[in-house]
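Beneath this line is the structure, given in structure tokens, with notes to follow.
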There are 2 protein chains.
Amino acid sequence: MRYSRQRDEILNVVLSSCNHPDAKEIYNMVKKKIPNISLGTVYRNLNTLVDEGKIRKVLMKDGNDRFDKTLTNHNHIICECCGKVRDVDLLLNGNEVKEVENQTGFKITDCNFNINGICNDCMKGRNC
Amino acid sequence: MRYSRQRDEILNVVLSSCNHPDAKEIYNMVKKKIPNISLGTVYRNLNTLVDEGKIRKVLMKDGNDRFDKTLTNHNHIICECCGKVRDVDLLLNGNEVKEVENQTGFKITDCNFNINGICNDCMKGRNC
DNA sequence: TCCTAAATAGTAATGATTACTATTTAATTA
DNA sequence: TAATTAAATAGTAATCATTACTATTTAGGA
């Protein structure tokens, strides 16, 4: 793995993000530092960084995946109204894992919750 | 909602499926009865049937969604090796829902688990 | 049978992502 | 320090599931 300024800036953008940015948003942020960076470079390096375990990918049901600087085990809740993504401390406990494994004969490797809901702002009509 | 033979056959195919077929597989099955059916018609009617609550959509992380005849609340476990999808009886219980709602300020509308694992066949080297 | 809006077939468009290729560059070696 | 080479990039084309569009067909009521 060779150093590249592009990958370095991409990592910085994700690590300094407060929300869960998607590839295009990351691309636009990095462009401020490296104006001629290619979108393909952003995608390639995001995947590399995920493979290295330096960031995580959040799979969205509309297919527009997002990226996450938080590495501790957690899941996400997504506002159906405004699309906001929030971290959630909720995991399958050991008993639940065993129960599913017994029920299905599968060996669980990982489990992510796609929780859908309405956020407080949208509930109060602030957004949509 | 007007009757159409196309929608009727599409529903039949999903209801008589044992696995969780995707749109292309459904299209190919229906083509045996209605050779000149359009793929767009299959997609449109699958979405209509989902909206009507007659079938369900299973969101896959590769973006190639599948369809499910089972309407009772359940989730899915997916084999990372062969792609097989199996139903799982596992839901958030009331306490977990409340806890997440308190933690996030979101009102949960629905929650689906994307559980990944290795199925028995693949574990025994039968598939991949 | 006639009429009209709903549904279809066939094709084009969309949009996120990946693949491809000539060029650039990190970093090793002489 | 300069030459070398494989890894990484920029820019563009391709992919692939899905949706949009439009002329044509059709269900079902008058």
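The figures that follow rest on heavy atoms only: side chains count, while hydrogens, waters and symmetry mates do not. Here is how names work: the chains are called A, B, and so on, in the same order as the sequence lines, proteins then strands, and each is numbered from 1. This is a predicted model, so every value here is computed, not measured.
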5′-ward residue of the pair B/Leu39/B/Arg2 relative to DNA chain C: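 The residue closer to the strand's 5' end, by nearest nucleotide, is B/Arg2.
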Which residue lies more 5' along DNA chain C, comparing A/Asn47 with B/Thr41 via nearest heavy atoms: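 Result: B/Thr41.
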Polar side-chain contact A/Arg44-D/dT9 base: donor and acceptor under 3.5 Å: no
Residue whose closest nucleotide on DNA chain D lies nearer the 5' end, B/Gly63 versus B/Met1: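 Counting from the 5' end, the first nearest nucleotide belongs to B/Gly63.
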Which nucleotide in D/dA17, C/dA27, C/dA9 has an atom nearest any side-chain atom of B/Lys24: D/dA17
Residue A/Gln6, side-chain atoms from C-beta onward, closest of D/dA10, C/dA26, D/dA17: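 Within the option list, the nearest is D/dA10.
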When we call it a touch if two heavy atoms are under 4.0 Å apart, what does [X] touch: a base, just sugar-phosphate, or nothing?
| X | value |
| --- | --- |
| A/Asn45 | sugar-phosphate |
| A/Tyr43 | base |
| A/Asp65 | sugar-phosphate |

Atom NZ of B/Lys69 with >12 non-hydrogen neighbours under 6.0 angstrom: yes
Between [N] atom [atom2] and [X] atom [atom1], what is the distance in whole Å?
| X | N | atom1 | atom2 | value |
| --- | --- | --- | --- | --- |
| B/Ile34 | D/dT26 | CD1 | C1' | 13 Å |
| B/Lys31 | C/dA9 | NZ | P | 11 Å |
| B/Asp8 | D/dT26 | CG | P | 16 Å |
| B/Ile37 | C/dT8 | CD1 | P | 7 Å |
| A/Asn64 | C/dT17 | CG | C1' | 10 Å |
| A/Tyr27 | D/dG11 | OH | C1' | 10 Å |
| A/Met60 | C/dT17 | CE | C1' | 16 Å |
| A/Arg5 | D/dT9 | CZ | P | 12 Å |

Any side-chain donor near an acceptor of the partner, B/Asn112 and B/Asn75, under 3.5 Å: no
Test item: side-chain donor near acceptor, A/Asn114 and A/His76, under 3.5 Å: no
Cluster check A/Leu91, A/Ile77: I/L/V/M/F/W/Y, side chain < 4.5 angstrom: no
side-chain N/O B/Ser4 vs C/dT8 OP1/OP2, d < 4.0 Å: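 It does, given that an N or O in the side chain of B/Ser4 lies less than 4.0 Å from OP1 or OP2 of C/dT8.
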pair A/Asp68-A/Lys57: side-chain heavy atoms closer than 4.5 Å: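 No; the side chains remain at least 4.5 Å from each other.
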